[in-house]
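Okay, structure first, notes after.
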Protein chains: 2
Amino acid sequence: MPKQATPLPHTVLGDDTTCCPPLAQQRVPADVATALAPAFKALGDPVRLQLMSMIASAENGEACVCDLTPAFDLSGPTISHHLRTLREAGLVEAERRGTWVYYRARKTVLSQLAALLASEGRTTAP
Amino acid sequence: MPKQATPLPHTVLGDDTTCCPPLAQQRVPADVATALAPAFKALGDPVRLQLMSMIASAENGEACVCDLTPAFDLSGPTISHHLRTLREAGLVEAERRGTWVYYRARKTVLSQLAALLASEGRTTAP
DNA sequence: TGTCAACCTAGACGAATGCCGAAGCAAGCG
DNA sequence: CGCTTGCTTCGGCATTCGTCTAGGTTGACA
């Protein structure tokens with residue numbers, strides 16, 4: 001019975017992760033770096049960066065794979081593979097509705113990454 | 001005399017790149033994605049993410065390699081290779097002063113990446 | 001000048017990545 | 001029921017990546 005109710009077995013990053021003292025303000029510990037690096041790695045490919053943008057900027061916050069795939073000169077399986085990478089990095093989540101699969105951006109995670117890179121957080125508490 | 005004053009031949013990203021309508025607000029064009037992806041890829045490794053943080057959060061905004069290397073269980077050349085990757089991604093710049101080499105974070109670039117990931121920019125201009 | 005220390009470059013090698021075609025599920029439709 | 005369409009998974013290559021050891025190159029100092 002390896003079939004269990006494990007809805008999203010991947011998803012390393014949680015929505016509630018309080019992981020975000022700006023990178024330039026406080027040294028990132030090794031374990032945090034290990035947890036966050038996959039997210040940056042997932043964004044470190046032009047195709048995935050575009051996919052991420054297309055999903056995040058889509059109309060209802062979600063995009064159908066059938067709209068994403070024809071935007072590239074790549075095979076369906078390859079796009080699927082990139083989407084899987086984004087999913088496993090915790091950057092998007094997928095949902096099947098009828099025939100089509102929709103991807104939604106996890107904006108909380110994006111915000112965490114943005115906060116980590118931001119130079120000016122609130123540099124000094126008065 | 002192939003020795004020329006070529007201080008930083010790599011450095012893809014410029015300080016003045018106006019590359020940053022938030023990813024979730026407007027679809028990232030292919031050429032922009034191609035230009036930015038290497039920066040994210042460079043951050044997509046735990047060691048480099050820590051290096052980046054150590055450099056960016058260092059005292060005078062710069063860190064000596066001699067301080068960075070012993071912080072990891074890795075050989076000197078490996079650290080040097082990671083620093084080179086960060087340098088070629090335009091995230092840091094290096095300078096030799098006497099015996100030691102100092103790395104400085106290019107905070108402008110970091111801010112650009114942060115702005116790209118930020119969900120809330122100023123969503124609608126009134 | 002010789003020597004030492006700090007750092008980079010060169011070359012090698014196993015592991016991971018990006019890509020594809022083929023095959024497998026899932027939904028819908030005849 | 002079977003066929004078609006949408007998407008994923010599987011198995012395979014060629015390429016890139018992370019790491020190492022060995023060998024420079026640069027600067028300081030006796």
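Naming convention: chains lettered A, B, ... in sequence-line order (proteins, then strands); numbering from 1 in each chain.
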Treating [X] as the side-chain partner and [Y] as the backbone partner, does any N or O pair qualify as donor plus acceptor under 3.5 Å?
X       : Y       : result
D45(A)  : V47(A)  : yes
S111(B) : A118(A) : no
S53(A)  : A24(B)  : no

Task: Residue-level proximity of residues 63-73 of chain B to DNA chain C when a heavy atom falls under 4.0 Å - done: C64(B), V65(B), C66(B)
Task: Members of residues 48-61 of chain A that approach DNA chain C, where some heavy atom sits under 4.0 Å away - done: R48(A)
What's the closest nucleotide to the side chain of [X] if the choices are [options]?
X       : options                  : result
H81(A)  : dT8(D), dT21(D), dG18(C) : dG18(C)
V101(A) : dC7(C), dC20(D), dT8(D)  : dT8(D)
P77(B)  : dA10(C), dC7(D), dC7(C)  : dA10(C)

For [X] and [N], what is the distance between atoms [atom1] and [atom2] respectively, to the nearest whole Å?
X       : N       : atom1 : atom2 : result
R87(A)  : dT8(D)  : CZ    : P     : 6 Å
W100(B) : dA5(C)  : CH2   : P     : 12 Å
Y103(A) : dG6(D)  : OH    : C1'   : 12 Å
E88(A)  : dG18(C) : CD    : C1'   : 15 Å
L86(A)  : dG18(C) : CG    : P     : 10 Å
D45(A)  : dT16(D) : CG    : P     : 13 Å

Open item on the list: If I take atom CG from residue L51(B) and atom CZ from residue R27(A), how far apart are they, to the nearest 0.5 angstrom?
Closed with: 9.0 Å
Open item on the list: Would you compute the distance between atom CE of M52(B) and atom CG of L116(A) and round it to the nearest 0.5 angstrom?
Closed with: 10.5 Å
Please classify the nucleic acid contact of [X] as base, sugar-phosphate, or nothing, using heavy-atom distances under 4.0 Å.
X       : value
I79(A)  : nothing
Y102(B) : nothing
H82(A)  : sugar-phosphate
G76(B)  : nothing

Task: Under-4.0 Å salt bridge between E93(A) and R87(A) - done: no
Under 4.0 angstrom between [X] side-chain N/O and [N] OP1 or OP2:
X      : N       : result
T78(B) : dT19(D) : no
R84(A) : dT8(D)  : no
S80(A) : dC7(D)  : no
R96(A) : dA26(C) : no

Counting C-beta onward and ignoring hydrogens, is there a side-chain heavy-atom pair between [X] and [Y] closer than 4.5 Å?
X      : Y      : value
L83(B) : S80(B) : no
L68(B) : I55(B) : yes
S57(A) : Q25(B) : no

Open item on the list: Quick check: on DNA chain D, is the nucleotide nearest T99(A) upstream (toward 5') of the one nearest K41(B), or the reverse? Name the residue that is more 5'.
Closed with: T99(A)
Task: Nearest atoms (heavy-atom pairs only) where A42(B) meets L91(B) - done: CB-CD1, 3.9 Å
